[in-house]
Amino acid sequence: MSAGVAYVHIPFCARRCPYCDFRISVGREEARDRYVASVVAEIEREADWLPLAAVYFGGGTPSYLGAGGLEKILAALERRFGIAAGAEISLEANPEDWSAALVQALAAAGFTRVSLGAQSLDPSVLRTLGRVHTPEQVPAAVDLARKAGFRSVNLDLIFGTPGESPTSWERTVAKALAADSDHVSCYALTIEPGTEMFQRVAGSEAAPDPDDQADRYEAADRLLSAAGLNRYEVSNWARPGHECRYNQAVWAQGEYAAFGMAAHRFRDGVRGHNLQRLDAYLAAVEAGRSPFIATEKVTGWDREVERVFLGLRRAGGVRAGPAGEALVESAEGRRLVEAGVIALQGERIVVRRPLLTDAAARAVLALPPPDC
Ligand code: SF4
């Protein structure tokens, strides 16, 4: 690999959205300075690597940390590894935090891409999702990013929220395009155990309807494609040249360093994650201990299966190789080929019905090692 890639997890959020089951810390303002210092310390202790071509600050809500903390972490990455010329420096942000002062400070610090948690541009859907921003704040946030010089702007959207009509969803997608985003990510609302929405659905509220969600997905694909945003992964569409480089590296089974509470990493063939509770993470780093927990060394057949599993998410598919060939020769693989879900195109396997990507992925994971 000719460049490094890094992920930084910022776990803070102002409140918990009713559908969210991510590992986050609500409030905890008193811990923010300690957190920044701990992430910087972790970066300083990391093994040498190449200059970084892509950095992704995810969360949580990175923008909730403010410009100062994000700048300190980015500066630490630059001191430790260097930042390659033209690197993509990306962060997730909520529209309500995205002030002109914050945006200008982040652009000046070197951030080039923002992923805004728009979710919907319908006020009633935003209320159901417990989001506090207004639809009008979304195009205003895109505009601020453009004026500050951000190269790429993504809007995250959620489809299939109970109460969302087909017209509401199509208007949301149309408004996202009219806001001049050059990247859109669309995810089906899922009701996760332990969330407030799970309780509501266990009571009297309607659950998302999978058939409706399939219709919404197809509508999004049609509208986004017609506007010149190509689907390059199951849930991601972009104008040419605006695909997220960090995510592309991950789907290509590239290695990435990762810093911060609960951050997942893959370096030197080892996958793992950092301690998943804020106080445990801070205590470990402040005591000079590594917060990292290795979970698996990915080698041999497992690595080959993982390569195909990850690559099937990409619209361009993945080089078949031994696992891809085993897939199309397996009983389940033949069934998926006959049903038009997957196809062998030259040396590559491509998922032709993206809504069924999980079925193809399960078939890959079920493949026995070649000597069985
Ligand atoms: S802002 Fe994002 S990470 Fe934070 S609670 Fe809401 S969905 Fe979860």
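In each ligand, atom 1 is the first atom listed, and ligand 1 is the first ligand listed.
- Cation-pi contact between R200 and Y19: absent, since separation from the ring centre below 6.0 Å together with deviation from the ring axis within 45° is not met.
- Outside the 6.0 Å centre-distance limit, the rings of F266 and W251 are not counted as a close aromatic pair.
- Using a 4.0 Å cut-off between charged side-chain N and carboxylate O, R222 and E170 make a salt bridge.
- Between Y232 and H183, the ring centre distance stays below 6.0 Å.
- Sorted by chain and number, the protein atoms of type N, O or S within less than 2.8 Å of atom 4 (Fe) of ligand 1 are C13 SG.
- A cation-pi contact, defined as under 6.0 Å to the ring centre and within 45° of the axis, is absent between R265 and Y256.
- Neither side chain, R239 nor N230, offers a donor N or O lying under 3.5 Å from an acceptor on the other.
- Which parts of ligand 1 touch R131 is read off a 4.0 Å heavy-atom cut-off, strictly below it: atoms 1 (S), 6 (Fe), 7 (S).
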